Amino acid sequence: MNININKYKKNFNFKLNKKIYNFWIKKKFFNSFYNKKKKSFYLLLPPPNITGDLHIGHILNFTLLDIIARRYRMMGYNVCWIPGTDHASIATEIKILKYLNNKGININNINKKKFNKILLNWSIKYNKIIIDQLKKIGFSCDWKRIQFTMNKNSYKSVIKIFIKLYKKGLIYKKKKIVNWDTYAKTTISDEEIIYKKKKKNLYYIKYFTEDKKNYLVIATTRPETIFGDTAVCINPYNKKYKYFIKNKKKLIVPIVNRIIPIIVDKLVKKKFGTCCIKVTPGHSKEDYKIYKKHKLKIINILNDDGTLNKNCTFFKGKNIIYVRKKIIKILEKKGFLIKKKKILSKIALSDRSNTIIENKLSNQWYLKINKFIKPTLKNIKNINFYPKNKYNNLFYKWINNIKDWNISRQLNWGHKIPVYYYKNKIIVAINKKEALKKIKKKYNLKKIDKKLIIKDNNVLDTWFSSWILPVSALNGINKPNNKDFNYYYPINILITGKDILFFWVLRMIMFSSYFLDKIPFKNVYFTGIVRDKNKKKISKSLGNYKNLYLLINKYGSDVLRISILSINHDNDFIFNNKILLNSRNFINKIWNTFKVIIKNYNIYNIKKKKKNLIIKWFENFLFYKINKLNNYLDNYKFYKSFILIKNLLKKNFCSIYLEYFKKNNNNNYFKKKTLKYFLIILKILHPYAPFITEYIYKEINKKFFLKKKYITISSWPIKNKKYNIKIINKFNNTLSFIKKIKKINFKKKKNILYIKKKYFKKIKKNIYYKLIYKFSLIKNIKIKKKITNKYLLLYNNNIKYYFLKKKINFNKKKKKKIKKKILIYKKYLLKIKNNIKNKNFLLLAPKKIIKLEKKKKKDIEKIILNLKKNLLFI
RNA sequence: GGGUGGUUAGCUCAGUGGUUUAGAGCGUUUGCCUUACAAGCAAAAUGUCACUAGUUCGAAUCUAGUACCACCCA
């Protein structure tokens with residue numbers, strides 16, 4: 001059993017991590033198979049987008065998931081954690097467009113085939129990087145079940161669901177006004193818009209009546225859209241405009257010279273501008289509402305790339321912002337412009353491309369949402385959301401305001417919509433062959449020109465593959481009710497950022513509720529969002545984060561994981577380097593604890609002794625803490641759980657238990673227990689810092705041949721072992737007393753502690769006085785009948801102790817301190833006295849509290865008196 | 001415009017079913033190379049618990065309003 005300590009270097013070498021991880025994989029610890037005898041535990045890794053590599057925000061959620069996975073695995077569950085990546089259609093495509101642009105490559109020179117090849121290569125590259133990063137950080141996923149939303153199986157599932165929904169009449173195509181991203185040349189959903197406040201000019205423009213005798217003044221921030229004007233709208237409450245309404249006047253659009261009607265509607269805000277607006281239904285959602293209500297004309301003025309189209313005469317092909325400036329100049333010249341006014345308004349930006357969103361009329365595919373609402377509301381009640389009660393109301397509000405889902409995007413990268421056109425006929429089919437057959441059958445056609453079968457060129461919204469993921473990851477769509485699906489589904493806990501609550505979480509619930517009448521997950525934990533120094537969300541599109549590889553190579557994965565655990569995850573938080581350093585120190589502490597234990601096992605000096613006080617205390621204390629820990633983790637209080645372990649190791653195990661152990665390590669029983677306790681602490685640490693704990697465990701196993709060879713498959717200390725809280729309290733009393741004694745500045749070392757006889761029995765009950773001998777500078781405890789002013793008094797738990805003053809060094813600082821203390825106590829006493837004087841307090845407060853208050857008064861009065869006495873003799 | 005969360009030490013944050021002087025980590029100051037750890041140990045200092053009102057015997061904690069910050073939705 002000889003152990004060479006010199007073998008262990010100063011710090012844990014985290015470059016071994018790779019070996020350790022490969023070993024886990026080789027041993028298939030993370031692979032999960034159908035097993036009737038074991039309880040299933042299904043987890044899903046929220047698939048990161050392949051837009052780039054991972055950042056600390058991803059690692060946050062995944063680390064919490066890994067803690068759960070590893071703990072439940074140790075608890076004997078059959079944990080199946082399915083990893084994956086998301087193709088993120090629009091985000092990826094924009095990323096590539098920008099990448100090509102930066103390289104100076106003109107996108108227009110690239111044909112579709114080439115572009116698709118670039119897309120494919122990109123996805124291969126980043127899939128590799130992301131998976132590598134996930135492995136480096138130590139996530140215990142079942143890699144044999146890995147998903148990619150564009151993989152064959154996933155693709156098949158997506159198309160199958162589309163067709164199912166289409167057949168049920170829940171998918172339809174319609175011209176509606178949409179958000180148009182002029183950079184990516186696609187629609188985007190409302191959720192993908194960011195609103196930013198910005199100062200804008202509000203222009204006041206004259207619109208003359210047909211006879212040119214009168215005019216109305218309209219206010220607009222977008223004068224360039226006058227080409228699309230089809231009416232002017234007035235709020236009915238404004239009496240100024242009565243004349244125009246009564247006489248049913250018509251107006252002439254300046255420059256364009258088109259004649260348009262005046263309509264009246266409450267939709268115009270009373271406070272906005274002149275209370276009179278121009279209506280451009282093709283390019284404003286508000287105006288579109290008016291258009292529908294009043295059955296106006298509609299004119300589209302925009303091309304897909306954000307330039308003006310043929311409806312804008314001499315401005316055809318020109319950029320919007322350019323036209324705005326020009327138009328204002330022309331209006332000003334011709335006397336139509338009355339004034340400009342700066343106002344604060346919001347502009348809509350695309351979350352993906354950061355360009356201004358235009359509203360545009362467009363033909364798109366939609367999913368009818370109303371049939372999903374009932375089953376969703378029914379099922380959502382059975383899901384537990386954490387942190388508790390924080391987001392519940394939000395769900396209901398969103399469900400009640402939900403609109404049909406625009407599921408088509410005009411992109412290359414994504415699931416192609418399985419719709420085919422033949423002349424004027426529409427057919428939904430998996431591929432062209434099937435489309436051909438179906439058309440023949442449906443329309444009774446014998447011969448069809450294959451060339452005339454055209455595929456819909458839209459792809460599906462990226463979330464359309466995400467909302468089916470809990471089911472499709474288990475192949476539950478292509479093979480409904482397969483063995484795995486029935487065994488694992490639903491997910492036990494989903495952990496994700498609160499920012500995708502609507503995009504993803506709610507939609508998964510909708511899907512599972514409607515198709516399966518089941519919840520997709522039993523529990524959901526929403527984490528806060530990681531922010532940078534400027535409180536901005538860390539995100540791939542902003543690029544405000546450090547490369548993960550840099551962090552891993554500099555600090556090691558355990559440090560990264562511990563850093564994430566050192567922050568409360570319920571709210572948003574700021575991540576900085578200090579946290580990393582702090583965590584590194586903690587990992588080092590674990591390492592050194594291991595070293596001291598191994599070292600002390602080298603010493604041979606066998607004397608049989610039984611239990612000592614320290615063992616008695618720590619055993620109780622440990623089980624008390626583990627009980628608490630399990631409680632925290634069962635309620636997903638990760639932050640608290642980690643703080644508990646950290647304090648347990650640092651404050652209790654290292655500074656108290658081990659310090660004592662080092663001085664008394666000639667006892668075999670003590671050694672055995674110490675190792676046992678350390679192994680328990682290692683086990684509860686393992687989900688948080690898997691690499692270092694696995695390594696240490698292995699090293700210990702080399703010498704001591706443990707039951708389980710590897711910590712990953714060892715058992716979690718869950719059994720509710722009983723502990724005696726009295727023993728713990730007694731020990732804590734002792735510690736606090738020792739601290740007090742240590743603070744006294746004695747002239748020489750060995751001193752005698754005096755005590756009155758009546759307290760002696762109490763001591764035995766409250767304090768382990770044997771420990772006092774060992775830890776403080778006390779030679780002996782003696783009973784003294786008469787106490788004079790020659791003694792210094794100490795208080796601990798209502799027991800008085802004395803030291804001879806002449807054996808103590810006093811200085812001025814000490815005096816000041818005591819004076820300060822007296823002041824604080826006096827203040828406190830006043831508070832209590834006022835309470836006791838108060839008649840209402842005596843009448844209304846509970847009797848217990850009144851008693852306590854009176855006791856407190858007496859105690860504090862005594863303390864003040866004694867402090868004063870002490871002061872006199874210093 | 002609507003909603004949600006937040007405001008506690010220089011910084012990052014905990015905190016309680018209301019009643020024994022408001023906590024941690026970092027930072028600061030002081031003392032220590034003590035054979036596991038200076039990436040450590042021991043100690044000290046630091047707060048009108050955003051503001052205003054209400055409920056109450058008693059409010060940092062409950063209620064309302066205000067201000068500021070952040071996020072979400074239109």
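As the structure is a computational prediction, the values presented were derived from the model and not from experiment. Letters A, B, ... mirror the listed sequences (proteins, then strands); counts begin at 1.
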Could you please name the option among [options] that lies closest to any side-chain atom of [X]?
{"X": "A:K640", "options": "B:rG40, B:rC73, B:rU16", "value": "B:rU16"}
{"X": "A:N568", "options": "B:rG40, B:rU35, B:rC13", "value": "B:rC13"}
{"X": "A:N588", "options": "B:rC37, B:rC57, B:rC26", "value": "B:rC37"}
{"X": "A:P846", "options": "B:rA24, B:rC57, B:rC72", "value": "B:rC57"}

Under 4.0 Å: is that the gap between some side-chain N or O of [X] and OP1 or OP2 of [N]?
{"X": "A:N592", "N": "B:rG40", "result": "no"}
{"X": "A:K10", "N": "B:rA38", "result": "yes"}
{"X": "A:K589", "N": "B:rC37", "result": "no"}

Partner nucleotide of [N] by Watson-Crick or wobble geometry (both distances under 3.5 Å):
{"N": "B:rA59", "result": "none"}
{"N": "B:rU20", "result": "none"}
{"N": "B:rA64", "result": "B:rU52"}
{"N": "B:rG5", "result": "B:rC69"}
{"N": "B:rA42", "result": "B:rU30"}

Considering every strand and a 4.0 Å limit on heavy-atom distances, what is the contact class for [X]: base, sugar-phosphate, or nothing?
{"X": "A:Y825", "value": "base"}
{"X": "A:N647", "value": "nothing"}
{"X": "A:K837", "value": "nothing"}

d([atom1], [X]; [atom2], [N]) in whole Å:
{"X": "A:F653", "N": "B:rC37", "atom1": "CZ", "atom2": "P", "result": "17 Å"}
{"X": "A:K651", "N": "B:rC41", "atom1": "NZ", "atom2": "P", "result": "11 Å"}
{"X": "A:K595", "N": "B:rA39", "atom1": "NZ", "atom2": "P", "result": "13 Å"}
{"X": "A:K646", "N": "B:rG23", "atom1": "NZ", "atom2": "P", "result": "20 Å"}
{"X": "A:N11", "N": "B:rA39", "atom1": "CG", "atom2": "P", "result": "10 Å"}
{"X": "A:F678", "N": "B:rA36", "atom1": "CZ", "atom2": "P", "result": "15 Å"}
{"X": "A:K839", "N": "B:rC57", "atom1": "NZ", "atom2": "C1'", "result": "14 Å"}
{"X": "A:E699", "N": "B:rA36", "atom1": "CD", "atom2": "C1'", "result": "16 Å"}

Quiz prompt | A:S655 vs A:Y639, nearer the 5' end of RNA chain B by closest nucleotide | solution =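 So the residue in question is A:Y639.
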Practice problem: Specify the residue among A:T593 and A:R584 whose closest nucleotide of RNA chain B lies further upstream toward the 5′ end. | Solution: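 Result: A:T593.
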Quiz item: Ring of A:Y828 versus six-membered ring of B:rU21: centres under 5.5 Å and planes under 30°?
Solution: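 Yes, the aromatic ring of A:Y828 stacks with the base.
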Say we look at [N] and [M]: how far apart would their [atom1] atoms be, to the nearest angstrom?
{"N": "B:rG10", "M": "B:rU48", "atom1": "P", "value": "8 Å"}
{"N": "B:rA67", "M": "B:rU52", "atom1": "P", "value": "15 Å"}
{"N": "B:rG23", "M": "B:rG47", "atom1": "C1'", "value": "11 Å"}
{"N": "B:rA60", "M": "B:rG54", "atom1": "P", "value": "15 Å"}
{"N": "B:rU29", "M": "B:rC73", "atom1": "P", "value": "46 Å"}
{"N": "B:rA39", "M": "B:rC33", "atom1": "C1'", "value": "14 Å"}
{"N": "B:rC72", "M": "B:rC51", "atom1": "C1'", "value": "27 Å"}
{"N": "B:rU30", "M": "B:rA45", "atom1": "C1'", "value": "10 Å"}

Is the distance between the ring centroids of [X] and [Y] under 6.0 Å?
{"X": "A:F594", "Y": "A:F12", "value": "no"}
{"X": "A:Y657", "Y": "A:F621", "value": "no"}
{"X": "A:Y825", "Y": "A:Y828", "value": "no"}
{"X": "A:F642", "Y": "A:F586", "value": "yes"}
{"X": "A:Y677", "Y": "A:F618", "value": "yes"}

Practice problem: Answer yes if the side chains of A:T693 and A:Y688 hold a donor-acceptor pair under 3.5 Å, and no otherwise. | Solution: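 Result is no, nothing qualifies.
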Quiz item: Of A:Y636, A:F638, A:F526, which meets ring pair (Phe, Tyr, Trp, His ring centres under 6.0 Å) against A:Y386?
Solution: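 Only one of A:Y636, A:F638, A:F526 forms a ring pair (Phe, Tyr, Trp, His ring centres under 6.0 Å) with A:Y386, namely A:Y636.
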Quiz item: Quick one: do A:K858 and A:E861 make a salt bridge, cutoff under 4.0 Å?
Solution: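 So A:K858 does not pair with A:E861 through a salt bridge.
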Quiz item: Quick one: does A:K662 reach the base of B:rA36 with a side-chain donor-acceptor pair under 3.5 Å?
Solution: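 Answer is yes: a donor-acceptor pair is held.
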